[in-house]
Amino acid sequence: MDYDFKSIESKWQARWAANKTFRVVEDPAKPKFYVLDMFPYPSGAGLHVGHPLGYIASDIFSRYKRLKGFNVLHPMGYDAFGLPAEQYAIQTGQHPEVTTEKNVARYREQLDRIGFSYDWDREVRTCDPAFYKWTQWAFLQMFDSWYDPSLDKARPISELVAKFETTGYEDVTPAQWKAASEKEKSDILMRYRIAYQGETSVNWCEGLGTVLANDEVKDGLSVRGGYPVEQKKMTQWQLRVSAYAGRLLDSLEKLDWSDSLKEMQRNWIGRSEGTEMVFNTLCDGRELPVTIFTTRADTIFGVTFMVLAPESDLVEALTAADHKAEVAEYLKYVKKKTERERIAETKTVTGVFSGSYGINPVTGEKVPIWISEYVLAGYGTGAIMAVPAHDSRDYAFAKKFNLPIVPVIEGADVSEQSVDAKEGVMCNSGFLNGMSVKQAIEAAKDYVEAKGIGRRKTNYRLRDAIFSRQRYWGEPFPICYKDGIPTPLPLSALPLRLPEIDSFKPSPDGEPPLARAKDWTWDGCPLEKSTMPGFAGSSAYYLRYMDPHNDSALVSREADEYWRNVDLYIGGTEHATGHLIYSRFWNKFLFDLGYVCEDEPFKKLINQGMIQGRSNFVYRIVGTNKFVSLGLKDQYETTEIHVDINIVRNDRLDLEAFRAWRPEFADAEFVLENGEYICGWAVEKMSKSMFNVVNPDVICDTYGADTLRLYEMFLGPLEQSKPWDTKGIDGVSRFLKKFWRLYTDRDGFAVTDEKATPAELKVLHRLIGKEQEDIENFSFNTTISAFMIAVNELSALDCRKREILEPLCVLLAPFAPHIAEELWEQLGHTESITNASFPTFNAAYTVEDSVTYPVQFNGKMRFTVDLPKSAASAEVEAAVRGMEQTAKWVGDQQIVKVVVVPGRIINIVVK
RNA sequence: GCCCUGAUGGCGGAAUUGGUAGACGCGCUGGACUCAAAAUCCAGUGGCCUUUAAAGCCGUGCGGGUUCGAUUCCCGCUUGGGGCACCA
């Protein structure tokens with residue numbers, strides 16, 4: 001009876017769907033386990049073989065955990081708002097919803113063929129109003145909250161209002177608050193709300209007609225589309241992510257994430273401990289205190305000038321009358337540069353003197369104030385004290401503009417470059433002289449605080465997230481403008497649905513597409529016209545899966561307390577500084593307000609590696625239509641041409657198929673070696689343009705889903721990037737056929753009820769132990785190797801015993817669920833193998849009797865062994881190559897005790 | 001420039017974390033079964049020396065070190081991949 005994967009796989013996929021085999025409900029009697037994949041954006045191109053890698057891994061783990069008795073939540077959905085569908089809509093006029101729907105259907109079809117154990121009853125789509133109701137709800141919660149630094153958590157804004165009314169808070173007194181107009185009160189509160197509207201320098205992308213978040217921009221170009229991005233001051237909705245910077249950083253500690261990912265987040269958050277110091281300044285005789293931020297308070301005696309960011313609000317006040325013209329010109333120059341040019345020209349030093357001076361608060365010295373683009377307005381205070389001797393950027397600036405350079409560390413040679421290292425002994429520094437740099441940093445901080453000229457300050461590089469997008473295909477803001485004041489809609493108004501519009505382009509006067517909607521108002525007031533960014537919907541989707549149909553809460557308390565947070569999250573590393581930061585922020589916010597019970601969303605996170613394509617090349621002799629085989633190409637001048645991998649097998653080109661591939665190759669001629677055309681190859685990104693895309697559907701057709709699943713895992717460690725090479729798939733395909741043959745013979749199913757032998761039990765239990773250990777460590781490739789060995793051994797033993805084959809079937813089920821289900825049914829089970837139990841490991845079956853032999857050390861780092869006559873001496877001697885580590889070898893005739901397990905060195909202990 | 005990560009046969013990758021390097025799979029070579037092919041099965045397969053075999057030597061990016069013993073630990077490099085980059 002042959003292994004007919006096609007009928008088996010379609011049979012079981014249909015049955016799983018019909019029986020809702022993977023439906024999961026909260027069950028307090030069982031321990032929970034939440035396994036989550038990063039949900040995909042359903043793009044038009046469909047899945048290639050690299051996409052399901054993480055899904056397969058999480059599916060194996062889910063199925064394994066179920067066998068281990070856990071109640072496993074393993075959902076899937078779609079991150080369905082986004083730019084590609086909208087761009088497509090602009091070009092074709094087709095509604096993004098239609099495109100999205102079509103792509104989702106295609107994704108679902110492809111996913112279903114691979115046999116995933118998702119509970120599809122819990123599917124979510126971010127573009128579904130029933131879903132984005134809760135995205136909008138969360139936004140309103142953030143609008144209605146502020147970050148209380150004394151409690152270090154978010155609190156209702158009403159508490160802040162109460163403070164204003166009674167005791168005052170920061171620079172607002174009760175009298176001022178009471179006197180303030182509605183508009184003024186709104187403006188004051190905007191400075192505190194978690195979701196707030198404010199003017200900020202944004203990444204404006206003309207090509208897309210919208211602003212972008214920092215993680216949506218790379219090298220001055222938009223990540224989607226690759227259009228240039230410029231800096232622009234605009235009023236935008238923002239999320240006060242920066243308030244959470246400290247907590248986001250500190251709780252990284254307790255997460256089970258890879259070091260590299262945590263490090264990326266640490267860098268992105270960028271904590272730096274320093275000092276804020278006030279320099280008094282003089283400009284045309286006026287005095288103005290200016291606060292600067294430095295991490296090197298110890299170098300205060302080396303300050304020779306100050307620098308302001310061109311965008312800083314201080315520039316105007318600190319530009320002397322006789323320098324207005326130069327400064328204005330410089331500002332104009334800076335403004336017209338795009339972000340991209342600024343990055344490209346990071347080596348060129350520019351700047352202008354403001355005509356004003358600062359007073360060093362420690363030395364009383366007067367230093368010039370400059371304006372330069374190397375100081376950023378958005379970080380610290382937008383103003384710095386410059387110490388050219390010990391900061392390379394200040395040094396470059398001082399050299400360019402001939403400013404003095406004063407070293408304050410003994411022996412520092414600053415004739416060629418600055419000495420940035422935080423080591424050495426201070427000099428030229430008054431009370432700091434003689435201290436090490438590390439001591440001096442602390443001493444200077446203490447001094448500054450004691451004298452009241454500054455204070456310790458921790459700065460973060462993490463900026464608030466810009467939350468407005470001038471696009472159509474996103475969540476509308478539940479905000480209207482009552483007399484120009486941003487006013488939240490009542491919760492009963494949610495979801496605020498996207499309006500129908502006739503074109504998806506920006507409006508003719510440059511407003512977002514929503515401006516085209518008829519009657520986009522609420523209660524007579526105009527509604528907000530921008531929409532939320534892509535990360536809005538993906539920030540809390542994992543919570544929604546816990547309780548996806550709840551219409552009265554994002555997630556009920558019961559569901560949240562049962563599922564708590566994600567135990568295992570699998571996805572790509574490209575979300576390190578976007579989604580994974582925003583989600584953590586979002587979750588902490590909901591935690592502060594008591595809506596969820598865990599303050600971190602994802603306990604363990606694994607980044608699956610990329611599967612790269614393996615491209616093939618042919619070599620065309622320049623100026624001809626002749627192609628030369630790889631080994632002979634050096635004899636000609638050739639151009640390398642990508643060739644479709646579907647017409648190449650084992651790097652041998654199918655000549656006929658090549659001629660048929662494209663009209664221009666129809667009369668191609670070949671220079672062959674040994675009668676064959678050998679193609680060159682390279683590992684590259686899998687993409688259509690390189691003709692190296694492998695479609696999982698094709699693999700499912702030719703080899704089956706179980707083979708695909710096994711092969712993707714067998715390829716190598718999950719977290720590593722590795723090339724796909726279809727020819728290796730035959731190995732796992734053969735394995736499954738052999739596995740099938742263990743249970744069947746020519747006539748059909750053939751399993752006996754005989755008692756298993758110790759040898760057979762040993763094979764089984766070694767595998768159980770190995771699989772258990774490997775799966776917990778996400779080392780799926782080694783499990784599969786162990787499986788291959790076990791199956792080969794059982795074949796050799798001709799073992800057809802139920803006592804062995806039944807547990808063996810369960811062991812395979814997480815990896816190759818279809819074949820396992822089929823055989824499980826053949827074994828007489830009526831329930832799905834999903835409900836079986838993982839076999840119990842019994843180490844006793846795997847251990848051999850150990851024998852003790854005396855051994856002598858002969859002085860040549862080699863051992864001879866005295867053996868009883870009964871022992872197979874060659875075997876034992878071959879086995880004894882190791883030595884117990886702690887043994888100290890003195891002399892050359894020492895007797896040791898050797899414990900030998902045949903074929904394996906176990907241990908050698910000094911007697 | 002800074003921070004993470006890797007580097008092992010023709011290829012993907014193993015190695016109980018200091019103890020027989022190259023498991024498992026692909027590919028390749030030879031053989032069996034076939035009229036033939038496919039499928040399947042068996043054997044071999046790191047390099048060098050050798051007619052063969054035995055034995056030996058060399059081998060985990062490079063150079064040192066620790067150790068009876070290093071792919072594994074330490075120091076110094078080379079190099080692939082990823083991230084950050086005027087963050088004071």
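Here is the naming used below: chain letters follow the sequence lines, and residue numbers restart at 1 for every chain. What you are looking at is a predicted structure, and each value in this text was computed from that prediction instead of being measured.
- Nucleic acid contact class of Ile384(A) (heavy atoms, under 4.0 Å, all strands): base.
- Taking the C1' atom of each, rG6(B) and rG13(B) are spaced 14 Å apart, rounded to whole Å.
- Rounded to whole Å, the distance from CG on Leu767(A) to C1' on rC24(B) is 13 Å.
- For Tyr677(A) and Asp654(A), the side-chain atoms include no donor-acceptor pair closer than 3.5 Å.
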Dot-bracket encoding of pairs in RNA chain B, which uses [ ] for pseudoknotted crossings and | for another strand, Watson-Crick or G-U under 3.5 angstrom: (((((((..(((......[....)))((((((.......))))))(((.......)))..(((((..]....))))))))))))....
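- Taking atom P on both nucleotides, rG30(B) is separated from rU78(B) by 45 Å, rounded to a whole Å.
- Checked against the 6.0 Å centroid threshold, Tyr743(A) and Phe739(A) count as a close aromatic pair.
- Side-chain contact annotation: Thr291(A) with Glu276(A), donor-acceptor N/O pair under 3.5 Å absent.
- On the P atoms, rU8(B) is 25 Å away from rU29(B), given to the nearest whole Å.
- Taking atom CG of Asp725(A) as the reference point, atom P of rC24(B) lies 20 Å away to the nearest angstrom.
- Judged by distance alone, the side chains of Tyr330(A) and Ser354(A) never bring a donor and an acceptor atom under 3.5 Å apart.
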Annotated protein contacts, base or backbone, on nucleotides 1-6 of chain B with a non-hydrogen cut-off under 4.0 Å, one of B, S, - each: --SSS-
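- Computed from coordinates, the Asn607(A) CG to rG83(B) P distance equals 12 Å when rounded to whole Å.
- The NZ-P distance, from Lys722(A) to rG81(B), rounds to 18 Å in whole Å.
- More than 12 heavy atoms of other residues, nucleotides or ligands sit less than 6.0 Å from atom CD of Glu776(A).
- Side-chain polar atoms of Ser785(A) and Thr782(A) form no donor-acceptor pair below 3.5 angstrom.
- You'll find that the side chain of Asp730(A) is closest to rG27(B), out of rA14(B), rG27(B), rC86(B).
- For Ile729(A) and rC11(B), the CD1 to P distance is 21 Å, given to the nearest whole Å.
- Within the 4.0 angstrom heavy-atom criterion, no nucleotide atom of any strand lies near Arg266(A).
- The glycosidic torsion of rU17(B) lies within 90° of 0, which places this base in the syn conformation.
- Taking the six-membered ring for Trp and thresholds of 30 and 60 degrees, Trp370(A) and Phe401(A) have ring planes inclined between 30 and 60 degrees apart.
- For the segment residues 769-780 of chain A, the set of residues with a heavy atom within less than 4.0 Å of an atom of RNA chain B is empty.
- In this structure, Asp394(A) and Thr577(A) both approach RNA chain B, and ranking their closest nucleotides by distance from the 5' end singles out Thr577(A).
- The residue among Trp268(A) and Ala309(A) whose nearest nucleotide of RNA chain B is located toward the 5' end is Trp268(A).
- The aromatic ring centroids of Tyr711(A) and Trp724(A) lie less than 6.0 Å from each other.
- For rG82(B) and rU60(B), the P atoms lie 28 Å apart once the distance is rounded to whole Å.
- Taking atom C1' in both rU20(B) and rG59(B), the straight-line distance is 15 Å, to the nearest Å.
- Under a cut-off of 6.0 angstrom, the local environment of CD in Glu574(A) is crowded, with over 12 non-hydrogen atoms contributed by other residues, nucleotides or ligands.
- Taking atom P in both rA15(B) and rU66(B), the straight-line distance is 29 Å, to the nearest Å.
- Within 4.0 Å (heavy atoms only), Arg741(A) reaches sugar-phosphate atoms of the nucleic acid but no base atom.
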Donor-acceptor contacts, no H, no angles, side chain residues 787-799 of chain A, under 3.5 Å, sequence neighbours left out:
from: Asn792(A); atom 1: OD1; to: Lys738(A); atom 2: NZ; distance (Å): 3.0
from: Asn792(A); atom 1: ND2; to: Met788(A); atom 2: O; distance (Å): 3.4
from: Glu793(A); atom 1: OE1; to: Arg766(A); atom 2: NH2; distance (Å): 3.2
from: Glu793(A); atom 1: OE2; to: Arg766(A); atom 2: NH2; distance (Å): 3.3
from: Ser795(A); atom 1: OG; to: Val791(A); atom 2: O; distance (Å): 2.8

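- When the C1' atom of rA23(B) is taken as reference, atom CD1 of Ile784(A) falls 15 Å away, rounded to whole Å.
- For rU71(B) and rG65(B), the P atoms lie 15 Å apart once the distance is rounded to whole Å.
- Among the protein residues, Asn459(A) comes within range of no part of the nucleic acid, since none of its heavy atoms lies under 4.0 Å from any strand.
- By the ring pair (Phe, Tyr, Trp, His ring centres under 6.0 Å) test, Tyr244(A) is found to be paired with Tyr147(A), Phe585(A), residues two or more places apart in sequence or in another chain being considered.
- rG9(B) shows a glycosidic angle within 90° of 0 and is accordingly assigned syn.
- Looking only at atom types and distance, the side chain of Thr573(A) has no donor-acceptor partner in the side chain of Asn607(A) under 3.5 Å away.
- Going from atom CG of Asn792(A) over to atom P of rU40(B) covers 13 Å, rounded to whole Å.
- Applying the side-chain hydrogen bond (donor to acceptor under 3.5 Å, both in side chains) test to Ser392(A) and every residue at least two apart in sequence or in another chain returns Asp420(A).
- Taking atom P in both rG25(B) and rU45(B), one finds a spacing of 14 Å when rounded to whole Å.
- Counting to the nearest Å, the C1' atom of rG81(B) and the CD atom of Glu719(A) are 15 Å from each other.
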